[in-house]
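Values in this document were obtained by computation on a predicted structure and should not be read as measured data.
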Amino acid sequence: MPEPAHRPAIANWLLPLVLVLLLAIPLGAAVAIGEPEVGTAGLAKFSSAIGSVACADGITPVVTILLIEIGVAVLAVVAAFAVGKRSAWLFNLLREQGAQYIVLLLLIAIPFIIAWQTDSSVCSRGKSYFWQSVFIEAFILATLAISYNLIFGFAGVISFGHAAFFGIGAYAIGLLILHLEWPLGISVLATLIISTAMGVLVSVIALRIRGLYFAIFTLVFAEIFFVLAQNRIMTEITGAEDGFTFGVPDWINATKNRLTFYYLALVFLIFCYLLVRQLVNSPTGRVMNAIRDNEDRALMLGYNTFTYKTLAIVLAGVLASGAGILRGLLNKGASPNVLGVGFTIDPLLMTLVGGAGTFSGPVIGAFLLRLVEQSLRDTVLTLGALQVNIGERWFLILGLLFIVIVIAFPSGIVGTIQSSWKRWQARRRGRDGPK
Amino acid sequence: MTTSSEPILRSSTIRQSMVISALFIGGLLVANLLLFNPGQVSVVVLSGFYQGMLFFLVAAGFSIVFGLLDVLNLAQGSFFMLGAYIGFAVYGALPEGTPIWARFVAALLSATAGGALLGALTERVLIRPLYARPVFQIVLTFGLGIVFTEIIRSIYGPAGLIPVEPPAALDTTFPILGARFETYRVFIIAVGAVLMAAILLLLKRTRIGIIIRAGVQDSEMVEALGINVRQIFTLVFALGCAVAALGGMTAAPYLGAYPSMGDQFLLSAVIVVVLGGMSSFEGTAIASILVGLTRATAEQISLQYLRTPVLASLSILIIMVIVLLVRPSGLFGRE
């Protein structure tokens, strides 16, 4: 698609800037009309002013402003599509990136929208509070799926041990805080360093052997940690099968300040999304794609495929353990199930459902699966004489989903939509569709 | 993809692998003799062979299927579990008055047949469309394993079934060097050994076996010679699943049948196959005994000195990591 030549330099920064502005408006309004608690000063005064407006039940000024903004954004993007192709760069920009920003605005507004719809508060127990925790879990899973997609979808390496990185994140941060009593920031840093080392270790051991061996090796690798974590010998340290709990600072305590945690998880998700997109679109990412498509050819062309695959595995491991850290902080504890095969199945399936090798696929897959599971948890389907409790049979449904997707939709939701969109456009232009 | 165009294993390498395995097993025995009294040693050795045979029964199919089809069948463990459940169902469904040995034999036969049938069906319907996409094959068998496990769980519940009664002659214990050992476990060893010999004979002495071995070397070439490799693929996949199912039913009177039993054995079987060198059947056979003995020794050590079974599961994991580091293609694998 030929780009219009006259796009000014500011164009690439325009939408992020607008987004920041859009967020500043409700925040500013809250500070302006809020009534801070008496005796507070500085940051505490600021946050209590916001709290007094944002935390009210039902429809607050904050939700009104956010809704208006979303409406304006949607209108702008619709207008951009309506104007058509030969138009100013601004409309092109909106057509290309507008949808992402609308989704982002929606995710930012969701706690408030739910609070307004269910007449609850975003800051205390209620429907909104509950759904915030569901979304936090979805954010964490989406981050995990993004990291999995980096190795599976972009570098073409299949791993059955991604749970190891996730679990190590949750365990390491908890153990460091609980036993060594390190402050949060240093613990996070140390956990990330540990997972980097782990990624390098896995790569160095397992990448010497190619292809399917790697899948097996990672399966066993994850099992080692699972066995270690739940063994009774480690009861003093890890609490064996019961796991352990640890204390976290108040500001990040998901029971007290869930909204803060919500935005923290959202920010981390966006960070990972952008990081992976940036990486994959870089020359390094091109080589990774080449390795996925044909490793021998990439080798023959002179690329050290080992280095590139190691990079993908280490980065994916670090992001996954980042998600694990969030999970540990969310639950204020860790138990062996974070190392279990479930957290390998989830990202794998989410990536496949959304579309392996696409940017938004894993995120969409994660949201879809997590939210569907949450809303159907207590539903009982009646098929003739057969009664199916969705919550109890969730794993069966996941297994069937695996098979259906692998056989019928190997490119997932996003991949399938993308290819049919391309075909449709090609037909509209009067040319033959891609073969 | 991985097997074609690689040189045939040279006999000197085989000899080297044999020596390594013999040294390993010898080392284990010496360690046993130093650590335990004779009664315990004999129990460890027997239970090592018993565990090894169970691993072998799951791993055998895994190895042949991978060698010929290049498919990692992660559902192999669930065929083991399905065999146990099919056998139990038949055992219970036979009319009143059927003697126990007849029930038992019927259970073994029906498990084998059921495994073969399900395996053939799986290959035809699910695996066949995916030969061009090997990564998706792994994912598919992974999902299939979940489906099988969950179906059994939803029919029979998560708790598992009470073991059926084997024929009275097998349901006793016998003394050995001052310790006692269950006859039934010896029966499992015998079944494993018979199957091991039978599959070896099948591979080495029959026309089908020659085709299979040729297919492991280079399946395109075999196809070019006018042999319908696709049919052989189905046959081999069914064979692998049948052996696993038979193994499941053989083990179940001792272990009981429960939905997750497959996953447990799958991991050990995978380790066995990797240790043996993926597509080498002899390697799998030897590695399964090696792993069984290692596990039994580690179990005894933890029982005696640590009072928790941590070593049992960790020992084989660690051995696998070490072997992969020293010989990335396994003990009997091709470079």
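- With a 4.5 angstrom heavy-atom cutoff, A:L352 touches chain B only via side-chain atoms.
- Among A:L228, A:L349, A:V227, the residue with the largest count of heavy-atom pairs under 4.5 Å with chain B is A:V227.
- With a 4.5 angstrom heavy-atom cutoff, B:I316 does not touch chain A via any of its atoms.
- The salt bridge (charged side-chain N to carboxylate O under 4.0 Å, His left out) pairs that include a residue from residues 144-158 of chain B are B:E150-B:R153, where partners are two or more places apart or lie in different chains.
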Task: Audit row: B:L126, A:V406, side chain to side chain contact (heavy atoms under 4.5 Å, CB included) steps and yes/no - done: CA-CA 9 Å; B:L126 298 177; A:V406 165; over 6 Å; no

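- Looking at residues two or more places apart in sequence or on another chain, you find a salt bridge (Lys or Arg N to Asp or Glu O under 4.0 Å) between B:E282 and B:K204.
- Heavy-atom distances place no part of A:F221 under 4.5 Å from chain B, backbone and side chain included.
- Atom OH of B:Y131 sits in a crowded spot, with more than 12 heavy atoms from other residues, nucleotides or ligands closer than 6.0 Å.
- Of all heavy-atom pairs spanning A:I407 and B:V125, the tightest one is CD1-O, 4.4 Å.
- Only the side chain of B:F142 comes within contact range of chain A, with heavy atoms under 4.5 Å apart.
- Within residues 394-402 of chain A, the residues having any heavy atom less than 4.5 Å from a heavy atom of chain B are, in residue-number order, A:F395, A:L396, A:G399, A:L400, A:F402.
- The contact list for residues 261-273 of chain B toward chain A, using heavy atoms and a distance under 4.5 Å, reads B:L267, B:V270, B:I271 by residue number.
- Heavy-atom pairs under 4.5 Å with chain B peak, among A:L348, A:V341, A:I345, at A:I345.
- If you tally non-hydrogen atom pairs under 4.5 Å between each of B:L130, B:V139, B:T149 and chain A, the highest count goes to B:V139.
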